[in-house]
Number of protein chains: 4
Amino acid sequence: METTAGMTDARCPGSGLRSDAARRRRQIVEAASQLFADEGPDVPMERIAAAAGVGVGTLYRRFPDRIALAAAVTEATLEEMAELFRDAAHGQGTAWDGLVAVLTHRTPLRLSLGSVQALSAGATVALRADPRRRRLQVEVLEALTELVQAAQAEGSVRQDVGPGDVALLLSMIRRRPTVPDDAAVRAMALILDALSARAAGTLPGAPFSVADVGFPVRVDVPDD
Amino acid sequence: METTAGMTDARCPGSGLRSDAARRRRQIVEAASQLFADEGPDVPMERIAAAAGVGVGTLYRRFPDRIALAAAVTEATLEEMAELFRDAAHGQGTAWDGLVAVLTHRTPLRLSLGSVQALSAGATVALRADPRRRRLQVEVLEALTELVQAAQAEGSVRQDVGPGDVALLLSMIRRRPTVPDDAAVRAMALILDALSARAAGTLPGAPFSVADVGFPVRVDVPDD
Amino acid sequence: METTAGMTDARCPGSGLRSDAARRRRQIVEAASQLFADEGPDVPMERIAAAAGVGVGTLYRRFPDRIALAAAVTEATLEEMAELFRDAAHGQGTAWDGLVAVLTHRTPLRLSLGSVQALSAGATVALRADPRRRRLQVEVLEALTELVQAAQAEGSVRQDVGPGDVALLLSMIRRRPTVPDDAAVRAMALILDALSARAAGTLPGAPFSVADVGFPVRVDVPDD
Amino acid sequence: METTAGMTDARCPGSGLRSDAARRRRQIVEAASQLFADEGPDVPMERIAAAAGVGVGTLYRRFPDRIALAAAVTEATLEEMAELFRDAAHGQGTAWDGLVAVLTHRTPLRLSLGSVQALSAGATVALRADPRRRRLQVEVLEALTELVQAAQAEGSVRQDVGPGDVALLLSMIRRRPTVPDDAAVRAMALILDALSARAAGTLPGAPFSVADVGFPVRVDVPDD
DNA sequence: AATGAATGAGCATTCATTCAT
DNA sequence: AATGAATGAATGCTCATTCAT
C-alpha cells in the first residue's frame with residue numbers, strides 16, 4: 001500500500017496509457033499557463049497545443065473548449081496559492097514573514113490566474129460554477145484572511161486594512177514582462193510597506209473583508 | 001453681398017463641417033479610450049465605432065488602423081496627465097498634495113494608457129516613433145520627477161524612492177472595471193502611504209530615476 | 001456668328017461655369033482613361049477624382065457611378081478610333097497604309113477601351129444600351145470593314161481573313177506597360193505580316209465578318 | 001498483428017488522409033486557375049473555394065494568401081508548358097509542327113498565367129523569389145529557344161525573329177472567355193503564319209533572345 | 001455647385017471547434 | 001486515442017456611393 005502519489009505513478013499493464021495521458025494533460029495545462037501569461041488570454045489554441053507538443057485534437061479531447069482549459073489553469077494556480085499559504089501558516093516565522101513570503105513568491109503565478117480570468121464575463125461565470133475550483137478559492141481566501149488577521153494580532157499589519165483590501169491591492173498589480181526584476185522587487189517592497197503597521201496614513205472608509213470585495217473574491221486579477 | 005463662392009466659404013471659424021468632424025474624432029478617441037480600458041486592446045473596431053456613434057468607415061477615415069487609434073488614445077491620455085501635473089505644480093498646496101491629487105485623480109486615465117500600450121510590440125514601436133507623443137511623454141516624466149523631488153525636499157516623500165520607482169509602481173497598477181470606486185480609492189491611499197516619509201520599511205537597492213526604468217521612459221505600462 | 005466651337009468657348013456672364021464644367025468633365029474622363037489603362041478597371045474612384053484634380057463628389061455629380069464613367073471613357077475612345085479611321089480612309093495612301101496607321105497608332109487607346117469593357121458583364125450590357133455609343137461603335141466597325149475590304153481589293157491583305165478576324169486579333173492583343181517600345185513595335189509588325197497577302201499559310205474555317213464575332217463587336221478588348 | 005500505433009500508421013502509400021488533402025489541393029489550384037482566367041486576379045477567395053468545393057478555411061490552410069495561391073497556379077501552368085515543350089521536342093514531327101502544337105494547344109493555359117501575374121507588382125516579386133518556379137521558368141524558356149532555333153534551322157521559321165519575339169508575342173495575347181473557340185484558333189493560326197519563313201515582311205530592329213526581353217524572362221505576360 | 005466626410009456592404013484573413021483518418 | 005485537415009463564423013479593413021456643409 002503506497003501513498004496516493006505512488007498509486008498514480010504505478011503503470012498497470014492494462015492501463016498503460018493512464019500515466020501517459022496524465023503527463024500530456026499536465027503538459028497542456030503548463031503550456032497554457034505560460035502562454036496565457038505571456039501572450040494574453042487570446043493565444044490561439046493551436047499555439048498552446050504546439051507548445052505542449054500535442055495536436056489541437058488532443059487538446060480538445062481533454063478540454064472541450066478554451067474556457068475549460070482556462071478553468072484547469074486557474075485550478076492549478078489556485079492549488080499553488082493554497083500551498084503557498086499552507087507553507088506560510090505552518091512555517092515557524094511570524095505572520096508578517098508569511099505575508100511577505102506569499103506576496104513575493106512566484107509573481108508569474110498570479111499573472112496566469114489573472115490572464116485566465118480576463119477571458120470574459122461568461123468565462124468567469126463558468127469558472128465560478130465549478131465546485132472544485134470554488135472550494136479551492138474559498139480555501140485560499142480563508143487562508144489569506146487568517147494570515148492578515150494573525151499579522152494584525154501580532155502588530156505587524158496596520159489595523160485599518162482588512163483582508164479584502166489586501167486581496168484587492170494584489171488584484172490591481174500586474175507585472176509586465178518588460179519590468180526588470182530588481183525594480184519589481186522594490187515595487188513589491190513598497191506595497192508591503194503600505195500594509196505595515198508602521199505606515200501612518202489614514203485610509204478613507206473602513207476595512208474590507210474578502211467578502212466585501214465580491215465573492216468568490218478574485219485573489220488577484222490583472223487582466224488584459 | 002459676396003459671391004456664392006465667398007458665401008459658402010464663409011463659415012464661423014471653429015464651426016462648420018470642420019468642427020463636426022472634430023467632434024466626431026473626439027467621440028471616437030473617447031470611446032476607444034473607454035473600451036480599451038474596459039475590454040482590452042482587442043475590442044472589435046466595430047464596437048468602438050458603435051460606441052462613438054459613427055460607422056466603421058468614419059473611424060477608419062480618421063485612423064488608418066488600430067495602431068493609429070491606439071496612438072491617438074495614448075496621446076490624449078498623455079495630454080490629460082500633463083495637465084494634471086501642471087495643475088499639481090501650480091496649485092498653492094504642498095508637493096505632497098500635488099502628488100496625492102495626481103495619483104488619485106481620474107484613475108481610469110492611467111488604465112487606458114496601459115491597455116493601449118498592451119497592443120503589441122509593433123504598436124509600441126510605432127507609438128514611440130511619433131515625435132509629438134514622445135515630447136508629451138518627456139514632459140510628463142519631467143513633471144513627475146520634479147513633483148517627487150519637491151515632495152522629498154519638503155520632507156513628505158521618503159528619501160529612498162526615486163521618481164522612477166513611482167513611475168514604475170503606477171505602471172504596475174491596473175484597475176479592473178469591476179473594482180468599486182471606494183475600494184480603488186483605498187488601494188491608492190495605501191500606495192501613497194507607502195511613499196510617504198512616515199513609511200519605515202527599507203527598500204532593497206537604490207532609488208530609480210525615470211531614465212533608469214527605460215528611455216524614453218514609459219510613464220506607465222511598458223508594453224506587451 | 002461664330003462656329004459651334006466658338007459658341008461653346010464663349011463665356012456668357014450668366015453661364016460662366018459652362019466652360020469650366022466642360023473642362024472638368026474632360027479632365028475626369030482623361031484621368032479615368034489613363035488610370036483604367038494603367039491600373040485596371042478597379043481603380044478607386046477617389047484616385048480618379050484626385051488625378052482629375054476634383055473631389056469625389058464632383059466626379060459623382062457628372063457620372064452617377066463607375067459604369068457611367070466607363071461609358072464616357074469608352075465613348076471618348078471610340079471617337080478617337082473613328083477619327084483614326086476617317087484619317088485612314090481620306091489619306092492619299094493605300095488601304096494597307098491606312099491599316100498600318102490605324103493598327104500602330106496610339107496603342108494605349110485600345111487599352112483604355114479594353115480595360116473599361118472588362119468591368120463586368122453587367123457593365124457591358126449597360127454600355128451597349130447607350131445609343132450614342134452604339135452608333136459610334138457601328139461607325140468604327142463599318143470603317144474597319146471598309147478598310148479591310150479595300151486592302152483586299154488592292155491585293156495587300158490576304159483573302160482568307162475577314163474584318164472580323166482583324167477585329168478579333170486586335171481584341172486579343174494587349175500591351176502591358178512593362179513591354180518596351182521597340183519590342184511592341186516588332187510584335188505589331190509581325191501581326192501585320194500575318195494579315196498581309198504575302199502570308200502563305202492556310203487558315204482553318206472561313207473569314208469572319210465583324211458581325212460573326214458578336215455584335216456590337218468589341219473592336220479590341222484586352223481585359224483584366 | 002501490429003500495435004494499434006502500427007495499424008493506424010499503416011496506410012497504403014499514396015492514399016489515406018494525405019491523398020485526400022492532395023486531391024483537395026489540386027482542386028483548389030484548378031479552380032483558381034480557371035477563375036483567375038475567367039474573372040481576373042481579383043476573384044473573391046470565397047468563390048474560388050466554392051468552385052473547388054471546399055471552405056475558405058481549407059483554401060487558406062494550403063495557401064496563406066492570394067499571392068501564394070497565384071504562385072501555385074503559376075507553377076502548375078509552367079509545369080504544363082514545360083510538358084508541352086517536352087512533347088514537342090520528343091515528337092517525331094518537324095520543329096515547326098512542335099511549335100504549332102505548343103502554340104495552339106490549350107490556349108487557356110497561357111491565359112491563366114497571364115491573369116495570375118497581373119496580380120500586382122508585389123506578387124510578381126514574390127513569385128520570382130521562388131526558386132522552384134524560377135527553375136521551371138528557365139526550363140520553359142530554354143525549351144522555347146531550342147524549338148524556335150530548330151525551326152529556323154529547318155527553314156520553317158523566318159530568320160528575322162528570335163525566341164524573345166515569340167515569347168513576347170505570346171505574352172501579349174490574351175483570350176477572353178467570350179471569344180469562341182474557332183475564332184481563337186484562326187487568330188493563332190494567323191500569328192503562326194506571321195512567324196513562318198514564308199512571311200515576307202521586314203521587321204524593324206533585330207531578333208530578340210528571351211534574355212533580351214527581361215530576365216528571368218517572362219515567358220508570358222510580364223506583369224503589372 | 002464643389003467638397004470631402006459618413007456610411008455600410010464586401011472581401012481577405014484568422015482561428016475556435018469539429019471530424020475523418 | 002492522436003492527429004491534423006476542414007469548416008465557417010468573426011473581425012479587420014477598403015471603397016463605392018450618399019449627403020451635409
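Worth saying up front: this structure is predicted, and the values here are computed from it rather than measured. Computation of the quantities below employed the complete heavy-atom set of this structure, encompassing side-chain atoms and omitting hydrogens, waters and symmetry-equivalent molecules. Residue numbers begin at 1 in each chain, while the letters A, B, ... track the order of the sequences.
Counting heavy-atom neighbours within 6.0 Å of C:Arg25 CZ, excluding the residue itself, gives a total of 12 or less. Other residues, nucleotides and ligands contribute over 12 non-hydrogen atoms within 6.0 Å of the CD atom of A:Gln27. Applying the 6.0 Å contact sphere to CD of B:Glu75 captures more than 12 heavy atoms from other residues, nucleotides or ligands. Atom CD of C:Glu30 sits in a sparse spot, with 12 or fewer heavy atoms from other residues, nucleotides or ligands closer than 6.0 Å.
Remark: E:dA2 base-pairs with F:dT21. Criterion, Watson-Crick or G-U wobble with two distances under 3.5 Å. As the counterpart of F:dG12, E:dC11 is assigned, both hydrogen-bonding distances of the Watson-Crick or G-U wobble pattern falling under 3.5 Å.
Of the side-chain N and O atoms in A:Arg62, one or more sit less than 4.0 angstrom from OP1 or OP2 of F:dA2. Close to E:dT13, at under 4.0 Å from its OP1 or OP2, lies a side-chain N or O of D:Tyr60. Between F:dA5 and D:Arg24, no contact under 4.0 Å exists linking OP1 or OP2 to a side-chain N or O. Between E:dG4 and B:Arg61, no contact under 4.0 Å exists linking OP1 or OP2 to a side-chain N or O.
B:Arg47 places its CZ atom 15 Å from the C1' atom of F:dG12, with the value rounded to the nearest Å. Taking atom CG on C:Leu59 and atom C1' on F:dC15, their separation rounds to 13 Å, with Å as the unit. To the nearest angstrom, P of F:dT17 lies 11 Å from CD1 of C:Ile48. One can place CE of C:Met45 at 10 Å from P of F:dT18, the figure rounded to the nearest angstrom. What separates CZ of B:Phe63 from P of E:dA5 is a distance of 13 Å, to the nearest Å. Rounded to an integer number of Å, the gap from C:Glu39 CD to F:dC15 P is 11 Å. One atom, CG of D:Asp65, and another, P of F:dC13, lie 16 Å apart when rounded to the nearest Å. Straight-line distance from the CD atom of B:Glu46 to the P atom of F:dA9: 17 Å, rounded to whole Å.
Taking the side chain of B:Arg66 as heavy atoms from C-beta on, and the options F:dG12, E:dA16, E:dT7, the nearest nucleotide is F:dG12. Residue D:Val54 has its side chain nearest to F:dT7 when only E:dA6, F:dT7, E:dT7 are considered.
Base engagement by D:Val56 is indicated by at least one non-hydrogen atom pair under 4.0 Å involving a base atom.
Judged by closest nucleotide on DNA chain F, D:Thr58 is the one of D:Thr58 and B:Gly57 placed further toward the 5' end. Residue whose closest nucleotide on DNA chain E sits further toward the 5' end, between A:Pro44 and C:Gly53: C:Gly53.
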Begin from the C-alpha positions of C:Leu69 and C:Met45 and carry the test side-chain contact (heavy atoms from CB on, under 4.5 Å) through to its verdict. CA-CA 10 Å; C:Leu69 178 56; C:Met45 295 294 265; 4.2 Å; yes

